[in-house]
2 protein chains.
Amino acid sequence: MHRSHTNGELRLTDVGKEVILSGWVQKSRDLGGMTFVDLRDRYGITQVVFNMDTNAELCTAARKLGREFVIKVNGNVIERSSKNAKMNTGDIEIIATSLEILNAAKTPPFTIEDESDGGDDLRMQWRFLDLRRNPLKNNLMLRHRISIEARKYLDSLSFLEIETPYLIKSTPEGARDFVVPSRMNPGQFYALPQSPQTFKQLLMVSGYDRYYQIVRCFRDEDLRADRQPEFTQIDCEMAFVEQEDILNTFEGMIRHLFKTVKNVDIAEVPRMLYSDAMHHYGSDKPDIRFEMKFQYLNDLMQNKGFNVFDSAEAVIGIVAPGCASYTRKQVDELTEWVKRPQIGAKGLVYCMCNEDGTFKSSVDKFYSQEDWKAIAEKAGAKAGDLILVLSGGLDSTRKQLNELRLLMGTRLGLRNPDNWAPLWVLDFPLLEWSEESGRWHAMHHPFTSPKPEHIALLDTDPGAVNANAYDFVLNGVEIGGGSIRIHDRDVQSRMFDLLGFSQEEAKAQFGFLLNAFEYGAPPHGGIAFGFDRLCSLFGGSEGIRDFIAFPKNNSGRDVMIDAPSAIADAQLEELSISVTND
Amino acid sequence: MHRSHTNGELRLTDVGKEVILSGWVQKSRDLGGMTFVDLRDRYGITQVVFNMDTNAELCTAARKLGREFVIKVNGNVIERSSKNAKMNTGDIEIIATSLEILNAAKTPPFTIEDESDGGDDLRMQWRFLDLRRNPLKNNLMLRHRISIEARKYLDSLSFLEIETPYLIKSTPEGARDFVVPSRMNPGQFYALPQSPQTFKQLLMVSGYDRYYQIVRCFRDEDLRADRQPEFTQIDCEMAFVEQEDILNTFEGMIRHLFKTVKNVDIAEVPRMLYSDAMHHYGSDKPDIRFEMKFQYLNDLMQNKGFNVFDSAEAVIGIVAPGCASYTRKQVDELTEWVKRPQIGAKGLVYCMCNEDGTFKSSVDKFYSQEDWKAIAEKAGAKAGDLILVLSGGLDSTRKQLNELRLLMGTRLGLRNPDNWAPLWVLDFPLLEWSEESGRWHAMHHPFTSPKPEHIALLDTDPGAVNANAYDFVLNGVEIGGGSIRIHDRDVQSRMFDLLGFSQEEAKAQFGFLLNAFEYGAPPHGGIAFGFDRLCSLFGGSEGIRDFIAFPKNNSGRDVMIDAPSAIADAQLEELSISVTND
């Protein structure tokens, strides 16, 4: 037997017991006559004592233990004289009676502590050591708990987890597919699914009216910090439902997860139209932990001689509460910040609303105190506040001001990760025009249903058609999105037309789905949650990498196992492919 | 709202309620004044009545409904005059007050009934319709239930489900990999995992001492009826354990699944050494629902002048109880059966043990009544039994006789799928010699630990080394297998040597694991269960295909979505690969 107890388990009530413990040497302190070893496993740390007086041989052996050695100790549980209230096992310690080294360890390349001295690259390369640290361990345990509770909730509502295939068919719509050459079908390829979208719709046609799957998805996109080539979704679909049913069901799931995993009560989730989100926050995933809504100032700030604003489509401001005391250096820094290429503003107009009722702005030449009074009044700025104004095209100004708003929210401490602000964003547009490809693209995906009352607009004004599509946003991060689907073959065909598919292409790519719609497809809809992101938010982080056991870096590489890598010529030959040189 | 109740829900206590039901038209009977529609969904069937006298318009509309139309019905629940005890909802029916066709349906290419008129190919092509049939629906619901209960059991024992990557590194050992070209790393490939083996071992090194994952695995092998290119495992690993801990833990899981899913109590699972399994049954996965053990007859049947036996390495028989009355035609047919190329026996010797105490064999020329009496006594054959004897090389004779034994078990009704015979098979050999490659191959995989007491044999007699490896067998089907792993770098290196890896190859392929073993790897071991097969056995079937929602055919094709398929030249170019023509 390697252990009778874990290292997080023993209490005062166990005093007097003979136990066997195994684990890693977290640290070892040699106090002359006594050697103390902190023995670690997933469950905690237990202090083991070796005494030179009573067992010199054993104590001498213990002195030689290095960090991260794996050992097995037999011993007796005694009460500690100096208790450690910070440890679950802090009331007891083990007087060792025997010691076995199960495996020695080289000195790790970085310290296995909550705050490690290892850099990112080093820790990725030695991921199996990094995973020993508490922060990562807690993340993975949180992830497990969320998945268990999500399944419990969905199972209680008669949802069935149904596995869909990973070797499917490549489709040109959406992001880039990863593909898999087929040995048995030379010259042909499978694709890895970007999501099980069409399969879950087929399952609705098959009558499985409540489906879910916690499932891996794959997108061959260029990577960013919060994006991985493979990621996990809680993928769901329901039949015989309307949008309201889906919103209620999955609001319930999020509420269940918050309650069971974090013991947080979530009130009814507010809802916001996409158009309002864009109007007030310049974002389809507004962080509503704080207000700082957009103020549209065209009427008050144009035609005052300030050319920049006069020629702008939009003049929009926000009010930063209590920031009138910002120094010149501080506002200059903000100006530089919005002018960075990532944000792209041309400049920043600001106005301090002084405590004495006067105003001091960067454009005093054009705007009188009376002008600013009216502006401040409209914008809801009070004495002591700072008004920040951007201008330009409507879309770009909203985008830039959204970034500035989030920055100010962060700086003002309004974005506490323990403050939870969930939000439904509703009524997304069905389509968006791509200048690049000169055609309409599906904003959600080609299977999203236009609002029934907008179907006539598909012919006359496609850009004005709204969809029964919704996103679930948490603290300014989109963690879920879905829609009511098309279940009518004619509407689906029309949608493919609009997206520039020829009838032949539509049939070749999605013939099975169009077929399915002719054999009794029920009304249906669904949603998918980004599981990695959900876990990271629950864990108080916006980065997903440390919530995934073995993530890839920004080049799509697993640096620990050194993948991807070259494969043997014989493998290529069997697969009827060759590598081309550029 | 599309429905107030499902079609499996309404009972006598609901009489008087106004309800809304939706579903598929299972069938429709027009009895002149009345039209009866059986409305189906996942939950059951409810009878809906349309009355020509009270609402002619509605009844006329109902008469036009075809099979598999999706409809929505408002109506009132009444007690049925002629109740149907076979249906959960058989006490009531719905008097329809309105009818809406949610979606019309073409006539399906086969009937949506428990026994369909559609052939295999047709049903695979229209899988989304086949999935509407009860047998498949019940299979997928069973699968969901098993996965929920497996997770519940493992979670209760502090196992963590940890997701491992699907885009990993190709390794030459084992079966053929599916590979995925990397766009961002031209000329390099990921592989899809054949199992998460090395990752779960790394997790043990990381301290996650109880891991599991219900996970998809991929093998690019030529397919058979019970093999799919992608399949699902319940993959598990534990640290600080010995074989006994693993056997007990997972015997507990199987017992939990039987109890919660099938309400079957499983007694303690018997254990059998691999060597005994091969000796008594000629198989490493014996079906022990029936005895019919091998009888080694060399001593009694050689040197009697029968050349075939005299020159054979092994003469082995089985006793088919009560089959002495087989006709000549029947035994001839058995002889033909064992001579088929799939079995490969040269012939079959038989002997009827007549009720009168005499014997009648196919080789009376060589064996006297006394000889047969001795043989029957040794083999445990009684009057009325049939002795069947094969001979040849030991391995091939065992293999052939195993097949014959299973055939006789089936014919004698000894293999009832509702009779459960689980079995642990223990102490598999570590290595097997491949004549083809002229080297040793790992019988389980290269990470399996030799029995400590056999380590010295690695140098002198590798074939005699047994492993701490075990299989879980259910009714003659291997549904799980695992081993205690090597956790010592030197032993692992020696194993790679034996398997013909150069040091460079071992380092290039498994360097990360060898590294890991130098930084404190605990003793560990694990097991993986074939989830598809487990589900099919629980469902009373040996074929896995109907326990997978969207399986592939024997050419690895999904004929419904028509995958794999050619991809665009632009995709190939981006991936820096091209298709070669043979």
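Residue numbering restarts at 1 for every chain, and letters A, B, ... go by the order of the sequence lines.
Residue contact with chain A, scored on non-hydrogen atoms closer than 4.5 Å, involves the backbone and the side chain of N515(B) alike. Both the backbone and the side chain of D220(B) come within less than 4.5 Å of a heavy atom of chain A. Only the side chain of F531(B) comes within less than 4.5 Å of a heavy atom of chain A; its backbone N, CA, C and O stay farther away. For K137(B), the parts lying near chain A are the backbone and the side chain together; criterion is any non-hydrogen pair under 4.5 Å. When heavy atoms are compared at a cutoff of 4.5 Å, Y43(B) approaches chain A solely by way of its side chain, counted from C-beta outward.
Counting heavy-atom pairs under 4.5 Å between each of A516(A), S170(A), A549(A) and chain B puts A516(A) at the top. For chain B, the option among T107(A), T198(A), D130(A) with the highest count of heavy-atom pairs below 4.5 Å is T107(A). Highest contact tally toward chain B, considering only F159(A), F550(A), F178(A), is held by F550(A) [criterion: heavy-atom pairs under 4.5 Å]. Between chain B and the residues V25(A), I101(A), L167(A), the most heavy-atom pairs under 4.5 angstrom are made by L167(A).
A salt bridge does not link E9(B) to R3(B): none of the charged side-chain nitrogens sits closer than 4.0 Å to a carboxylate oxygen. Salt bridge K152(A)/D155(B): absent, no basic N to carboxylate O contact under 4.0 Å. Under a 4.0 Å N-O distance rule, the pair R183(B)/D177(A) does not qualify as a salt bridge. For the pair K552(B) and D558(B), the salt-bridge criterion is not met [side-chain N within less than 4.0 Å of a carboxylate O]. Salt-bridge formation is not detected for the pair R143(A)/E161(B): no Lys NZ or Arg NE/NH1/NH2 atom is positioned less than 4.0 Å from an Asp or Glu carboxylate oxygen.
Checked by atom type and distance alone, the side chain of Y208(A) pairs as donor or acceptor with a backbone atom of L131(B) at under 3.5 Å.
Screening I146(B), T232(B), L142(B), D532(B) for a side chain to side chain contact (heavy atoms under 4.5 Å, CB included) involving F547(B) leaves a single residue, L142(B).
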